[in-house]
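What follows is a single structure, written as structure tokens, with notes after it.
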Protein chains: 2
Amino acid sequence: MPKRNTKTKQLIFDSLKKADTAVSQEILQAELGNAADRATIYRVLNSFCDDGIVHKIIGDDGKQYFAYCLNCAEKKHSHNHFHFRCLQCGKVECLPEEVDCKLPKGYHAVNFNGFISGYCSSCS
Amino acid sequence: MPKRNTKTKQLIFDSLKKADTAVSQEILQAELGNAADRATIYRVLNSFCDDGIVHKIIGDDGKQYFAYCLNCAEKKHSHNHFHFRCLQCGKVECLPEEVDCKLPKGYHAVNFNGFISGYCSSCS
DNA sequence: TTCGTTATTGCGACAATATCGCAATAAAGT
DNA sequence: ACTTTATTGCGATATTGTCGCAATAACGAA
Ligand SMILES: [Mn+2]
Ligand SMILES: [Mn+2]
Ligand SMILES: [Zn+2]
Ligand SMILES: [Zn+2]
């Protein structure tokens, strides 16, 4: 029942942690080559999400992106920040500013998925 | 070269307009039955987007949703509002409040895609 | 109304993304 | 070392959306 530490998990974790951006399976695959299978990458990433050490965002390109949690407390995960995808270089990054969107009365938020695409400072 | 008015376009337009929600191809297909083909629905919806009478949003379920533009001026399309998807009843709606997210210096926004999922007032 | 042009549609093929089932592999405790 | 079983690889499958192309039908002109 307990989770096991594997080479693949470690590789993916390292990639996520050293990246200052959110990454997709495609990006990880390119880094890892045949060191990890596609399905495995997805499984590990989703597992990390369950563990609360990574958060998942759906890009406005419809793809899944995963980012290492930086300023998340042990149990308080606040991911109410936007993510920015550069249409030129493709980088997806977490924007620092936490936002709060007021919902209509009686509405209860569960997931926040703020996404903006455009051109980053390097590509503008 | 000029666009033509067709039965299918009219059906889709009517569905979009009378819906107080954003709809997906799947939803429209269910309404229209075999009155319109899947590819045609997508083509018409994207065409409406080009015309500026509809806006497209990517849901946190990865699907495309389309909503009739309500408070968009002729040329000034501001869709910087969040969209809410109810995890219970599935409805996707535009939230009234327009938001502005400040980007880091040098960043230039092109597309805004704010999405929140949770439970609506009817389903809470 | 009739005709000709061509925008639009239907249909199948195709592409891209993500998940699933299952046998093979390999952590980790004994 | 041995056993247990979490994890992986691989192919199959599901889902969503687009594309190519021949058939159809708007719509303006005659
Ligand atoms: Mn983030
Ligand atoms: Mn909207
Ligand atoms: Zn860039
Ligand atoms: Zn609801």
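Side chains are part of it too, since the values below use all heavy atoms of this structure and drop only hydrogens, waters and symmetry mates. Each chain gets a letter, A, B and so on, in the order the sequences are listed, and its residues count up from 1.
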Rounded distance in Å - [atom1] ([X]) to [atom2] ([N]):
X      : N       : atom1 : atom2 : value
Q64(B) : dA16(C) : CD    : C1'   : 13 Å
L11(A) : dA26(C) : CG    : P     : 15 Å
K9(B)  : dA26(D) : NZ    : C1'   : 10 Å
F66(B) : dT16(D) : CZ    : C1'   : 11 Å
Q29(B) : dT16(D) : CD    : C1'   : 13 Å
L45(A) : dT19(C) : CG    : C1'   : 14 Å
D50(B) : dT18(D) : CG    : P     : 11 Å
D61(A) : dT16(D) : CG    : P     : 17 Å

Sub-6.0 Å ring centroid separation between F112(A) and F115(B): no
Among dT19(C), dG17(D), dC27(D), the one nearest K56(A) by side-chain distance: dT19(C)
Minimum-distance nucleotide (side-chain atoms of Y42(A) versus dT17(C), dT8(C), dT8(D)):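 Out of dT17(C), dT8(C), dT8(D), the nucleotide with an atom closest to Y42(A)'s side chain is dT17(C).
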Transitive ILVMFWY cluster of Y119(B), excluding itself - 4.5 Å side-chain cut-off: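 ILVMFWY cluster around Y119(B) also holds V110(A), L87(B).
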Scan nucleotides 10-12 of chain D against the protein and return all N/O pairs shorter than 3.5 Å with their distances rounded to 0.1 Å.
none

5'-most by nearest nucleotide on DNA chain D - E26(B) or T6(B): E26(B)
Would you say [Y] and [X] are linked by a side-chain donor-acceptor pair, where the criterion is simply a distance under 3.5 Å?
X      : Y      : value
T21(B) : E93(B) : no
K3(B)  : S47(B) : yes
Q25(A) : Y65(A) : no

Touch class at under 4.0 angstrom, heavy-atom based, for N46(B) against every strand present: sugar-phosphate
Side-chain N,O (T8(A)) to OP1/OP2 (dT7(D)) below 4.0 Å: no
Residue-phosphate contact under 4.0 Å: K3(B) side-chain N/O, dA7(C) OP1/OP2: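 No, because none of the side-chain N or O atoms of K3(B) sits under 4.0 Å from OP1 or OP2 of dA7(C).
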Under 3.5 Å: donor-acceptor pair, side chain of Q64(A), backbone of Y42(A):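 Not confirmed, Q64(A) side chain does not pair with Y42(A) backbone.
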Sidechain-backbone polar pair: S124(A) side chain, C120(A) backbone, donor-acceptor under 3.5 Å: yes
Nearest-nucleotide comparison on DNA chain C, the residue closer to the 5′ end among N5(A) and S24(A):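 Of the two residues, S24(A) wins.
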